[in-house]
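A short worksheet on the structure shown next.
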Amino acid sequence: MVARYRRLCVGCEAAASRLCPPVSLALRGSAIAKIVGANAARHERFHPTVNMWVFEEMVEGRKLTEIINTDHENVKYLPGHKLPPNVVAVPDLAAAAKGADVLIFVVPHQFIARVCDTIREDIKKDAVGMSLIKGVDEGPDGLRLISEVIRGKLGIAMSVLMGANIANEVAEEKFCETTIGCKDEVNGPMLKELMQTTNFRVTVVKEADVVEICGALKNIVAVGAGFCDGLGFGDNTKAAVIRLGLMEMISFAKVFCTDGPVSPVTFLESCGVADLITTCYGGRNRKIAEAFAKTGKTIEELENEMLNGQKLQGPATAAEVNRILKSKHMVDKFPLFNAVYQICFNGHPVTAFISCLQNHPEHF
């Protein structure tokens, strides 16, 4: 049984660079904070107050933290959705995390090392962490998951949450599912109780590494789906992208997951095929990739024009995965991942992506 003194911190509302916070992460973080706040107030095992780290900025002459704490609404990034009054916006990262028993990470993966360095001396050593960050890192020995980066920096137990969870729909309390990857039999049920609602269905699985890899790699596949949309291909083509992308995701997990055999069943959870489908039909990675194919503009130009300077996770993850695959001499075994990388960064024509589909090996 987890005692009621468990304090909670959702670290989600800003980039650690202190630049303008990425819109979608701020939106997603607020949506998760809404769920966590409601459940913390409802369940006896949790302390009712939830700290939410918020990038301090002025909105119509008022501090955003003041607006959230007074009006209980993130008017800039999640307008129209009230946050529970027990969710407290805190502009200082270290102060937000201090004394928390559960730390929830929803920041761009490029900044996670800096976030950990900032809070290292202020967190409880027996805190439990959960990452919602979708990306991978390149370690000295190859692939390094973001949860591993956090664990290495902070020395705390880590779990992950990934799934087909479009933030606006979560905030609107439309039914969806998600997956928590947790190897600990005690923390898994506790985190499920913290996250699950009537319309936010949670499944806990032990293959945390696979869950996290799915969350990262699906963004690469979504970029490919966007290329196809921009080139005017239809749903049949996109279905092929999803199928072949899923095959590469499974193969990648089998190569790089060292915790034991990789079960295909995990890919049938929300973190796998469901999140892949959702991302390939919506989301910013697909959207920007479609515009890339239609306009010939660079990814950076389109990010600035369409996303207020926000950086996509798909191309960045494709670059990291390519470096990892090169180090293992395995680039040719992942033609779809490689095609996305080559088109985004090396000037290959976007039409080359269709050639990748046409020539993808039958037996993968």
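Since the structure is predicted, the reported quantities are computational estimates derived from the model, not experimental observations.
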Query - Chi angles and distances behind the salt bridge (Lys or Arg N to Asp or Glu O under 4.0 Å) call for E57, K63 - result: CA-CA 6 Å; E57 52 187 315; K63 292 180 179 180; over 6 Å; no
Query raised in the report: When the aromatic ring centroids of F256 and F252 are compared, is their separation below 6.0 Å?
Result: yes
Separation of [Y] [atom2] from [X] [atom1] (nearest 0.5 Å):
{"X": "K153", "Y": "T118", "atom1": "NZ", "atom2": "OG1", "result": "10.0 Å"}
{"X": "I220", "Y": "C344", "atom1": "CD1", "atom2": "SG", "result": "9.5 Å"}
{"X": "L312", "Y": "N285", "atom1": "CG", "atom2": "CG", "result": "5.0 Å"}
{"X": "S251", "Y": "L217", "atom1": "OG", "atom2": "CG", "result": "11.0 Å"}
{"X": "M249", "Y": "L244", "atom1": "CE", "atom2": "CG", "result": "13.0 Å"}
{"X": "F292", "Y": "K297", "atom1": "CZ", "atom2": "NZ", "result": "12.5 Å"}

Query raised in the report: Stepwise, does the side-chain hydrogen bond (donor to acceptor under 3.5 Å, both in side chains) test hold for T317 with N219?
Result: CA-CA 8 Å; T317 302; N219 285 327; 5.3 Å; no
Going by an N to O cut-off under 4.0 Å, is there a salt bridge joining [X] and [Y]?
{"X": "K183", "Y": "D209", "answer": "yes"}
{"X": "E185", "Y": "K206", "answer": "yes"}
{"X": "E66", "Y": "R62", "answer": "yes"}

Query raised in the report: Taking the inter-plane angle between the rings of F227 and F353 on a 0 to 90° scale, is it parallel (under 30°), tilted (30 to 60°) or perpendicular (over 60°)?
Result: perpendicular
Query raised in the report: Would you call the rings of H43 and F46 parallel, tilted or perpendicular if under 30° counts as parallel and over 60° as perpendicular?
Result: perpendicular
Given 3.5 Å as the limit, does a donor-acceptor pair link the side chain of [X] with the main chain of [Y], or not?
{"X": "D275", "Y": "S270", "result": "no"}
{"X": "E301", "Y": "T298", "result": "yes"}
{"X": "N39", "Y": "L194", "result": "yes"}
{"X": "S327", "Y": "I324", "result": "yes"}
{"X": "E177", "Y": "G163", "result": "no"}
{"X": "E248", "Y": "F337", "result": "yes"}
{"X": "E207", "Y": "G181", "result": "no"}
{"X": "D71", "Y": "E73", "result": "no"}
{"X": "N69", "Y": "V88", "result": "no"}
{"X": "S159", "Y": "M130", "result": "no"}

Query raised in the report: Yes or no on side-chain hydrogen bond (donor to acceptor under 3.5 Å, both in side chains) for Q342 and N338, after CA distance, side-chain angles and deciding distance?
Result: CA-CA 6 Å; Q342 298 296 343; N338 184 47; 3.2 Å; yes
Report task. Can you see which heavy atom on N74 is nearest to which on S30, and at what distance? Result -> ND2-OG, 2.9 Å
Query raised in the report: Do other residues, nucleotides or ligands put more than 12 heavy atoms under 6.0 Å from R201 CZ?
Result: no
Query raised in the report: How about N359: does its CG atom have over 12 heavy atoms from other parts shown lying under 6.0 Å from it?
Result: yes
Requested in this report: Flag this pair as yes if the NZ/CZ of K238 is under 6.0 angstrom from the six-membered ring centre of Y281 and inside a 45 degree cone about the axis; otherwise no.
Outcome: yes
Requested in this report: Go through the steps to decide whether K34 and E173 satisfy the test salt bridge (Lys or Arg N to Asp or Glu O under 4.0 Å), and finish with yes or no.
Outcome: CA-CA 10 Å; K34 180 180 178 182; E173 300 183 21; 3.5 Å; yes
Query - Criterion salt bridge (Lys or Arg N to Asp or Glu O under 4.0 Å) on R114 and D117, from CA distance to verdict - result: CA-CA 5 Å; R114 196 179 308 176; D117 289 342; over 6 Å; no
